[in-house]
2 protein chains.
Amino acid sequence: MTIEKHSKQPPSSGRVRKKNQSLILKAAEQDFLEHGFKGASIKSIAERAGIPRANVHYYYKNKEAIYADILSKILALWDSSIIVCDEEPAKVLGDYIYAKVMYSKTNPEASRLFASEFIHGAPRLQAYLKTDFKTWIDEVKAIIQGWIEQGKMDAIDPLYLLFTIWGATQHYADFCPQVTAAMAKDKLTDHDFEQVAQTLTQIILKGCGIKK
Amino acid sequence: MTIEKHSKQPPSSGRVRKKNQSLILKAAEQDFLEHGFKGASIKSIAERAGIPRANVHYYYKNKEAIYADILSKILALWDSSIIVCDEEPAKVLGDYIYAKVMYSKTNPEASRLFASEFIHGAPRLQAYLKTDFKTWIDEVKAIIQGWIEQGKMDAIDPLYLLFTIWGATQHYADFCPQVTAAMAKDKLTDHDFEQVAQTLTQIILKGCGIKK
DNA sequence: GTTTATCTTGACACATGTGTCAACTTGTTT
DNA sequence: AAACAAGTTGACACATGTGTCAAGATAAAC
């Protein structure tokens, strides 16, 4: 996916530009989160951002362009939380789970937007899934497979392990209203998230037969 | 939430009625799944169902009414997969995980619609979350707490355990495009789902210190 | 301080979606 | 087969959303 700017896109410059684009993106993220891609409207985004609709069109050709810009920023962030090898499984997976839980805490909007995209069929992520994502997956699969062959953990399909970690961690961002209802709280505290990370790490490491 | 029918709602009768409502609901579910609540339109639903728009309005007052009907049916199904006590933890949790995985396989649309509702803030589920859901949660929490006190499993917060099971199982329905991309398949087979259930059960039971 | 690029905005033409109604057709009941 | 209930439909009035443009305001560069 390419980041499409308005056709009259200037070479560089911009301070006003930067400020306004940031206003638009923040407003748009909210609108996409509340109403989904199709349900969001430039009208509503402009109102949230506090600028006239025609001005939004000056910076972004259309809704697709705004969405692409937001999505590409989320993908960049997502990719950066990579498993590093050369360490023991307990350390690597523990760190990864911790990072994922903290991502749910710090970037719930990004997590939910990402989830929304998949739920609605991921029409805008096909390219990503077949390139960067697939490469990443294959690398990680090989690392985990290596651990199994070295007897460092039980024979568990690496993909199922990854899906379990993703599902369990993202749940706290994506299903937030359900989680808070179950816990009878308005909002999870920092301490809650630490507990989540610790509990999940415990279940998964022990469940995979990984010794600390 | 109440199921609102058209104001001229007849006492009973209906064969034509049943057939058409079913057509509308099926078409609407697809449209809601693709575009979210706000993004779906009665126009598009009518076209999918192959009937004129005015006819949809004859059966349902508006989009809200259609959505409420669909959601209430999903909630009824959801509630029915309940943990039964008086059994050993390994059996109860194993069965529950299996049921949840099979639900993701058999009713992916329902799972995704439910997820979509939470992601967009669950505006239409507040009542449910505070009543039926909360009651169910508190019962299950007590059962698991009991197991911990009897030394049948490790001391793990029952809620975190439930969230882990939900997140891990629903992931296969909600993030289907991501899962199939990672597995380099078009679609998961029955055998894949059996494997998922088995692996997940293994990880979670062992991870919670539950003996078979 | 004038010029030039950047930004702002109301207004217009068009597209999509909504809810209702009255006239009509089809089922159902007796 | 007559009578009434249920279902069907095109058309209308209205609401919301889109993309573009031309004229004017503001900022940047010289």
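These numbers come from the heavy atoms of this one structure, side chains and all, not from hydrogens, waters or symmetry mates. Below, chains carry the letters A, B, ... as their sequence lines are ordered, and counting in each starts from 1.
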What does the list of N/O pairs under 3.5 Å between the protein and nucleotides 24-30 of chain D look like, with a distance for each?
{"from": "D:dA28", "atom 1": "OP1", "to": "A:Arg15", "atom 2": "NH1", "distance (Å)": "2.1"}

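- In this pair, A:Phe133 and A:Tyr128 present their aromatic rings tilted. The plane angle is within the 30 to 60° band.
- For the pair B:Arg112 and A:Phe118, the cation-pi test (distance below 6.0 Å, angle within 45°) is failed.
- Pairs passing the side-chain hydrogen bond (donor to acceptor under 3.5 Å, both in side chains) check and including a residue from residues 168-183 of chain A, sequence neighbours excluded, read A:Ser111-A:Asp174.
- Relative to the side chain of A:Tyr59, the nucleotides D:dT18, C:dT8, C:dT18 differ in distance, and C:dT8 lies closest.
- Shown here are the side chain to side chain contact (heavy atoms under 4.5 Å, CB included) partners of A:Pro158, two or more places apart in sequence or in another chain: A:Lys141, A:Ile144, A:Gln145.
- Within a heavy-atom distance below 4.0 Å of DNA chain D, no residue of residues 22-34 of chain B is found.
- Under the rule for a salt bridge (charged side-chain N to carboxylate O under 4.0 Å, His left out), the partners of B:Lys43 that lie at least two apart in sequence or sit in another chain are B:Glu47.
- Every salt bridge (charged side-chain N to carboxylate O under 4.0 Å, His left out) that A:Lys105 has, sequence neighbours left out, goes to A:Asp190.
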For nucleotides 9-14 of chain D, tabulate all protein N/O to nucleotide N/O atom pairs closer than 3.5 Å, reporting atom names and distance.
none

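- Every salt bridge (charged side-chain N to carboxylate O under 4.0 Å, His left out) that A:Lys185 has, sequence neighbours left out, goes to A:Asp192.
- Within 6.0 Å of NZ in B:Lys130 there are 12 or fewer heavy atoms belonging to other residues, nucleotides or ligands.
- The side chain of A:Asn20 places an N or O atom within less than 4.0 Å of a non-bridging phosphate oxygen (OP1 or OP2) of C:dT8.
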Applying the Watson-Crick and G-U criteria (both distances under 3.5 angstrom) with [ ] for crossing and | for other-strand pairs, one obtains for DNA chain D ||||||||||||||||||||||||||||||
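- For DNA chain D, the residues of residues 36-44 of chain A within the heavy-atom distance limit of 4.0 Å (strictly under) are A:Ser41, A:Ile42, A:Lys43, sorted by number.
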Enumerate donor-acceptor pairs with a distance under 3.5 Å from any side-chain N or O in residues 195-207 of chain A to protein atoms, sequence neighbours excluded.
{"from": "A:Thr199", "atom 1": "OG1", "to": "A:Gln195", "atom 2": "O", "distance (Å)": "2.8"}
{"from": "A:Thr201", "atom 1": "OG1", "to": "A:Ala197", "atom 2": "O", "distance (Å)": "2.6"}
{"from": "A:Lys206", "atom 1": "NZ", "to": "B:Asp154", "atom 2": "OD2", "distance (Å)": "2.5"}

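- Residues forming a salt bridge (charged side-chain N to carboxylate O under 4.0 Å, His left out) with A:Arg48 (at least two apart in sequence, or on another chain): A:Asp31, A:Glu34.
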